[in-house]
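When a ligand or atom number is given, it counts from 1 through the structure's own listing order. Just so it is clear, the structure is predicted and the values come from calculations on it, not from any experiment.
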Amino acid sequence: MAQAKTYDIDTIRRDFPILHQQVHNQPLIYLDNAATTQKPKPVIDKVNEIYSLKNSNIHRGVHYLSTQLTEAYEEAREKVREFINAGNTHEIIFTGGTTHSINAIAYSFGEKYVQAGDEIIIAELEHHANIVPWQVLCERKDARLKVIPINDRGEIIMEAYEKMISGKTKIVAINHISNTLGTINDVKKIINLAHKQDIPVLVDGAQSVQHQTIDVQELDCDFFAFSGHKIYGPNGTGVLYGKEKWLEDLPPYQTGGEMIHKVSFEHTTYTSPPLKFEAGTSNYVGAIGMAEALKYLQKIGLDEIAAHEKGLLDYATSRLEEIPGLTIYGTASKKISVISFLIENIHHYDTGMVLDKMGIAVRTGHHCTEPLMNHFNVEGTVRCSFAMYNTKDEIDHLYRALIKVNEMFG
Ligand code: PMP
């Protein structure tokens, strides 16, 4: 039997140099992990090592540095494949992040398959990155964007979705986990329902890969997008997973070097995926750094991280509920360690500013989900989001700081 891993929070925290500093003369408490996660030493060291000793443009060189780094880049692709259990490495495309991945499919799929009168389905709790690219496509093609409503707990209303799917639906693009509410959507069911009518599904996994094990074959999604910077990897990195049949079929969304088979002034032919979708010099240093982050996560254990974060979510929810006048937005039965809230009569910016002065980093505003804010009839919220390195002690600090906020403005 596999031995359960022990969760050594002190060792984990030591791996993240940024956490050990003071801001405004207070120890930093970083609770803005849904916006971006901090980077562990192995990731920082890997990026540093490449720039210090190994840098060279990949795929085009016969010399030592180039061949070595090409190998490392392709090993990184294999690490991503294994991490999300894709069937094949050529189903893994390196991009600049989730936004980039979604735009690539909205453009490429949209060009080939979406026509006037067609429909695209998204949900009310999408991040702008999974709204605007589809909206722009609909404007370009005279198609319609249909939006699955949510209930007041922040859960997708499945019956409404079932009624929405029709012969006109060309693609469903759905958020796996809401960055604002923490809701875990039943994407498996959403995919099954769409597939019954041969409709492909793109999953925006920006908030899920870092919190739970992803198996794209088990999910059976057609596309899956995520960002490296939210999974403890470097900025400007990301992944687009696509089923082989789609990547073979779809046109490239960017053209130039790397993605060609043969070029003449009369005509150009393209190479096969994944390089067909990686025009130009990629962020190869970032991709290799991201693979290092995935190795780090596997070393700690995704199940162990999920259990730790569930403990933090439960504890923080019960503490925050003790605060007079505090309302939590997003109370889905299945959620990850994200809590959006407002304290009665206190503007979210004021709460955020005061917390900052006490060393606590939270996010305030609409969290790139303006339509979701409209649903709850608020302009913005305060959002705290917990990661593998956060502690109950930090939540106690947050609780005491919020009591102070209440005293100051109450
Ligand atoms: N989707 C979701 C659910 C997100 O949380 C985010 C980032 N906040 C994005 C998409 C966009 O990710 P990125 O900015 O890394 O492209």
Exercise for the section: Please examine the side chains of Ile300 and Tyr7, heavy atoms only from C-beta on, and report whether any two atoms are closer than 4.5 Å. Expected result: yes
Mind listing the N or O contacts between ligand 1 and protein, cut-off under 3.5 Å?
| unit_1 | atom_1 | unit_2 | atom_2 | d |
| --- | --- | --- | --- | --- |
| ligand 1 | 1 (N) | Asp204 | OD1 | 3.2 |
| ligand 1 | 1 (N) | Asp204 | OD2 | 2.6 |
| ligand 1 | 5 (O) | Gln207 | NE2 | 2.7 |
| ligand 1 | 8 (N) | His127 | NE2 | 3.2 |
| ligand 1 | 8 (N) | Lys230 | NZ | 2.7 |
| ligand 1 | 15 (O) | Ser227 | OG | 2.7 |
| ligand 1 | 15 (O) | His229 | NE2 | 2.7 |
| ligand 1 | 16 (O) | Thr98 | N | 3.4 |
| ligand 1 | 16 (O) | Thr99 | N | 2.9 |
| ligand 1 | 16 (O) | Thr99 | OG1 | 2.5 |

Problem - Criterion salt bridge (charged side-chain N to carboxylate O under 4.0 Å, His left out) against Arg319, the qualifying member of Asp393, Asp314, Asp396 - result: Asp396
Completion exercise
side-chain contact (heavy atoms from CB on, under 4.5 Å) filter on Asp303, not counting sequence neighbours, yields Thr213
Handout entry: Ionic contact status for Lys188 with Asp220, cut-off 4.0 Å
Key = no
Practice task
Quickly, which of Leu125, Ile191, Ile156, Ile121 forms a side chain to side chain contact (heavy atoms under 4.5 Å, CB included) with Ile174? Name it, please.
Solution key: Ile156
Exercise for the section: Would you check if the distance from the ring center of Tyr284 to the ring center of His59 is below 6.0 Å? Expected result: no
